[in-house]
Amino acid sequence: MVRVFRRECARVVGSERTTVRGADSMLLVLQLATAQVHKQEKGEFAAALSDVLAAWKGLLLDKLHLSHDTVPLPEGYELIRKEYERFLKRTNTVDLPDVHGMYSQLRRTTDPADPPTTQLFEFLRGRAQTFEEAEQACQCPATPSHRARLDSQMQRLVRRLFCSYLSLVVNTKDDLAVAHALNTPSRALGRTAFADLRHAAQLSHTSLFLAAMSFVRAIQLGGKGYAPPELDPLRKHLKGLSQFVHFTDQLEEILGETPEPRYAAASRIVSSVRAALLKSLGNGHPVSPVVEKTANELKERIQQICTIQKESATSSGISPSRPRAYAINHATAYEGRETVKVLMALLDEEATAPPSRNSVELLTEDQDFLVGTEEMSLLMLFRSPEIPTGLSPKPLRKRVQGQHGHVNFKVKGRVIRSQFACTYLDDAPPLNRILEFPSTSQLPTCVHPAPRLDVALKPTSLAHWGSGNKAALVQRTGNAHTPTGGPGPHLASVQTVIKASKRKLANRESVEPGGEEIQPPQKRPASAACSLRTGNRKCKSAPRKLLAGQGTLTSFFRL
């Protein structure tokens with residue numbers, strides 16, 4: 001049935017690269033469709049196993065046109081089926097019931113008759129069993145050991161991984177294959193990276209692989225105006241996405257570079273996947289022998305398929321390659337066409353393989369078994385991680401203060417400080433620093449101001465300075481000069497008194513009891529009025545004032 005569909009698929013589907021989904025792949029897609037419907041209705045991307053198995057039986061009966069009146073259907077079954085069909089169309093795939101529906105119009109008179117639908121139904125449900133399988137089951141123990149179940153799970157996962165890479169070479173729209181192969185071998189593309197890639201694919205209305213490839217190409221080849229923005233979530237996973245796209249590019253380049261197509265190119269693709277897996281696993285990993293065994297089995301089967309295709313082409317006398325224009329019109333690459341046909345035949349055989357006996361184990365098995373990370377099923381991978389809302393029971397300031405109260409960081413030993421040690425804040429500075437080095441706010445703004453003398457001179461004594469000066473002139477310290485170049489007679493005596501008082505003040509400050517260094521003296525009130533007789537008149541001396549810049553210079557040297 002599948003061979004007839006592959007031979008005449010150009011009549012019913014739009015692309016020759018359409019792949020067929022087997023029973024296990026159909027069940028996984030149905031689980032994702034059920035979870036998507038529950039998210040739209042209930043807001044949670046989850047699917048109960050009972051709902052998936054009930055929808056699975058109803059889906060098979062509907063697509064095979066069998067009666068399902070007595071079969072209970074889960075809530076929202078119609079929406080689940082629509083989502084399932086939408087997923088198949090988006091990924092350019094068809095399932096076995098669809099192939100069965102198209103077989104009647106595609107088969108020729110020489111082809112066998114249409115197989116009964118009940119037989120296909122039992123096969124997809126996993127109840128069909130050949131005589132050899134029944135005989136082998138009788139010889140095996142009824143309860144297999146845990147080690148046997150683990151080995152079978154390893155073989156199934158490794159074989160599915162190889163087929164996922166082969167499916168990406170044939171059909172780049174297969175999102176399920178991207179989910180299996182994106183982070184195997186490990187590329188640091190976990191659940192968050194897959195969710196960001198899936199959101200980017202939904203925004204651009206394309207597949208997961210094409211979204212990743214377009215992003216990497218825009219970074220590598222695009223100019224400044226075509227590069228993705230800096231806030232693009234995929235920029236955090238640029239390294240892993242680049243490795244994934246580069247590896248798939250290497251697999252596709254083998255199709256056109258291999259001089260001998262078919263077996264040589266297909267075996268080289270399998271060898272490349274095997275080498276990448278063994279490199280990531282390392283020596284002594286328990287999965288390494290399973291990888292070697294699976295790669296050898298696939299190579300042997302590829303050689304058998306190549307031999308069968310050559311014999312069928314020779315006997316019929318028709319070349320297996322179609323005209324170039326036909327390939328271009330149907331979006332099929334001309335180079336490597338023979339290798340693609342071999343890979344599609346191998347994938348078709350995997351789709352028609354008997355389904356897993358344990359459906360629950362299939363739906364909940366670990367997809368990252370080969371990577372060695374935490375357990376994660378396919379449903380958990382497609383579920384978007386929870387986004388932190390930023391809400392907390394306590395404000396950030398209170399939480400930081402509470403943490404600071406419990407944790408006291410102390411530095412043990414001496415700490416080497418640089419020349420900028422003054423920038424460090426000590427918990428308790430020594431007392432001598434406080435006493436010996438007062439701050440600038442403790443320093444007096446004007447220390448020992450010089451007394452200001454208001455000297456009133458008689459008009460008669462200043463008659464030779466000018467006839468216009470009739471009022472009393474107030475002369476300050478050392479600023480009055482006679483017209484002849486020297487100070488006046490009264491001002492000279494005033495300057496002598498001021499100089500003597502300054503010398504006494506300096507000697508008193510420099511010599512302190514106890515031989516200690518000079519301490520900043522306290523402010524003293526202005527000196528009492530000094531009486532100077534000028535003739536018969538007494539005058540009171542004003543407070544002395546410092547020279548310009550003297551207060552600043554004194555404070556500088558004291559600091």
Side-chain angles (χ1 to χ4, degrees), residues 1 12-13 18-104 115-128 173-177 179 195 198 201-202 205 207-208 351-352 354-365 367 377-384:
M1 184 179 66
V12 291
V13 294
T18 303
T19 52
V20 181
R21 294 202 179 277
D24 292 347
S25 183
M26 291 173 59
L27 190 58
L28 292 176
V29 173
L30 184 63
Q31 183 188 27
L32 297 178
T34 306
Q36 184 65 27
V37 172
H38 287 178
K39 181 181 179 181
Q40 296 174 0
E41 295 183 349
K42 303 178 182 179
E44 183 182 3
F45 191 86
L49 293 177
S50 57
D51 296 341
V52 176
L53 296 179
W56 169 244
K57 188 174 182 180
L59 177 68
L60 295 180
L61 293 175
D62 278 345
K63 302 198 76 170
L64 295 176
H65 305 287
L66 298 175
S67 176
H68 58 84
D69 297 336
T70 59
V71 178
L73 297 177
E75 183 181 358
Y77 169 74
E78 296 297 333
L79 297 177
I80 294 175
R81 182 178 177 182
K82 290 180 180 179
E83 184 65 28
Y84 173 84
E85 298 292 344
R86 191 180 299 113
F87 188 92
L88 294 182
K89 185 178 180 180
R90 184 172 66 249
T91 57
N92 191 26
T93 55
V94 293
D95 55 8
L96 290 178
D98 292 335
V99 174
H100 178 269
M102 292 181 287
Y103 175 75
S104 58
T117 55
T118 55
Q119 183 180 357
L120 181 59
F121 176 76
E122 295 296 332
F123 172 79
L124 294 176
R125 292 287 314 270
R127 295 181 179 179
K173 293 183 178 181
D174 193 351
D175 291 348
L176 207 59
R198 187 162 53 88
Q202 290 177 356
H205 302 284
S207 63
L208 296 178
T352 56
S356 301
R357 295 293 183 182
N358 194 342
S359 301
V360 178
E361 183 181 7
L362 174 68
L363 297 176
T364 58
E365 66 183 356
Q367 299 296 326
S377 63
L378 187 66
L379 184 65
M380 294 178 60
L381 182 64
F382 272 84
R383 181 187 305 163
S384 300

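All of these numbers come straight from a predicted model, not from anything done at the bench.
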Query raised in the report: Only one of Leu61, Leu59, Leu124 clears side-chain contact (heavy atoms from CB on, under 4.5 Å) with Pro97; which?
Result: Leu124
[atom1]/[X] to [atom2]/[Y] distance, rounded to the nearest 0.5 angstrom?
X	Y	atom1	atom2	result
Asp175	Thr91	CG	OG1	6.5 Å
Glu122	Leu60	CD	CG	10.0 Å
Thr364	Leu49	OG1	CG	6.5 Å
Leu363	Leu378	CG	CG	9.0 Å
Thr34	Asp51	OG1	CG	7.0 Å

Keeping [X] on the side-chain end and [Y] on the backbone end, is there a donor-acceptor pair under 3.5 Å?
X	Y	value
Ser25	Gly22	no
Arg198	Leu208	no
Arg21	Val94	no

Query raised in the report: Considering residues at least two apart in sequence or located in another chain, which fulfil the side-chain contact (heavy atoms from CB on, under 4.5 Å) criterion with Glu75?
Result: none
Requested in this report: Check side-chain contact (heavy atoms from CB on, under 4.5 Å) between Ala54 and all other residues, then give those that pass, not counting sequence neighbours.
Outcome: Pro74
Query raised in the report: Do Arg86 and Glu83 sit within salt-bridge range, that is, some charged N less than 4.0 Å from a carboxylate O?
Result: yes
Requested in this report: Salt-bridge test for Asp62 and Lys57: reply yes if a basic N is under 4.0 Å from a carboxylate O, no otherwise.
Outcome: no
List the atom of [X], the atom of [Y], and the distance in Å for their closest heavy-atom pair.
X	Y	value
Leu64	Thr117	CD1-O, 3.8 Å
Tyr84	Ala33	N-CB, 3.8 Å
Val52	Leu30	O-CD2, 3.7 Å

Is any side-chain heavy atom of [X] closer than 4.5 Å to a side-chain heavy atom of [Y]?
X	Y	result
Trp56	Gln31	no
Met1	His100	yes
Leu88	Met26	no
Thr93	Val20	no
Asn358	Ser356	no
Leu27	Ser359	yes

Query raised in the report: Taking only residues two or more places apart in sequence or in another chain, which ones pass side-chain hydrogen bond (donor to acceptor under 3.5 Å, both in side chains) with Thr18?
Result: Asn92
Query raised in the report: With His38, which residues qualify under side-chain hydrogen bond (donor to acceptor under 3.5 Å, both in side chains), at least two apart?
Result: none
Report task. Using salt bridge (Lys or Arg N to Asp or Glu O under 4.0 Å) as the criterion, list what pairs up with Lys63, not counting sequence neighbours. Result -> Glu85, Asp95, Asp98
Report summary line: For Tyr103, the ring pair (Phe, Tyr, Trp, His ring centres under 6.0 Å) test, sequence neighbours excluded, returns none
